[in-house]
Amino acid sequence: MNNQTVKRRAPVVHYLLAITFGTILTIAVSLVVGASNSDDFWLAAGIGAMCAAYPSVSLGAWFFVSNHTVTRDPRGEESVELTWLKQAASGAFLDVLIATLVVAVVLMIGRFDVEALPVLLALIGLSAVDAGLRYLVNRYRTVR
């Protein structure tokens, strides 16, 4: 261990709290999943528990352990990548807002009868693709 490496550990109680929180959350999720499939309750509950165990314990560790083990960077909000992401998100928000308005006007004027779900899924896809492309363009312009 060199002078710059600092090992930080949380109290044992916090690790136990994280595991307890994860276990309770896993049981709750598995019971909800099992109740939604009454024909195969135990099979569905088991699958739900397997899917929820790791995220639940990780969430517990984030709540109870990370405050003791993770050193926060006081200037973390000033990173170049975060600036690129904020610019991409704000541009994508405006694009999606304009696209929503245009689609709403076209549907209103044309009196088209469409299902809401495909339109909403298309808007979600548009926002994800738009933000990703804007991020890549911002990164390319800066790195170039």
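All values reported here derive from a predicted model rather than from experimental measurement. If you read the sequence from its start, that first residue is 1, and numbering goes on from there.
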Treat each ILVMFWY residue as a node, draw an edge where side-chain heavy atoms are under 4.5 Å apart, and state whether [X] and [Y] are in one component.
X	Y	result
I98	L133	no
L121	V114	no
V106	V103	yes
I124	L117	no
L120	L101	no

Gap between atom [atom2] of [Y] and atom [atom1] of [X] - 0.5 Å precision:
X	Y	atom1	atom2	answer
L16	F21	CG	CZ	15.0 Å
S56	I27	OG	CD1	10.0 Å
T20	L25	OG1	CG	12.5 Å
D95	L123	CG	CG	12.0 Å
N37	L43	CG	CG	7.5 Å
W42	I47	CH2	CD1	14.0 Å

Any sub-3.5 Å donor-acceptor pair from S90's side-chain atoms to Q87's backbone N or O? yes

Which atom pair, heavy atoms only, marks the closest approach of [X] to [Y]?
X	Y	answer
W84	N138	O-ND2, 3.4 Å
A18	V65	CB-CG2, 4.2 Å
S127	A92	O-CB, 4.2 Å
S30	A45	CB-O, 3.1 Å
S36	V33	OG-O, 2.6 Å
A44	G34	CB-CA, 4.0 Å

Any idea how F64 and H14 line up, ring-wise: parallel (<30°), tilted (30 to 60°), or perpendicular (>60°)? tilted

Check step by step if side-chain contact (heavy atoms from CB on, under 4.5 Å) holds for T26 and Y54. CA-CA 9 Å; T26 299; Y54 180 75; over 6 Å; no

Kindly determine whether V119 and E115 satisfy side-chain contact (heavy atoms from CB on, under 4.5 Å), including the steps that lead there. CA-CA 7 Å; V119 174; E115 298 267 338; over 6 Å; no

A side-chain contact here means heavy atoms from C-beta on lying under 4.5 Å apart; do V137 and R134 qualify? no

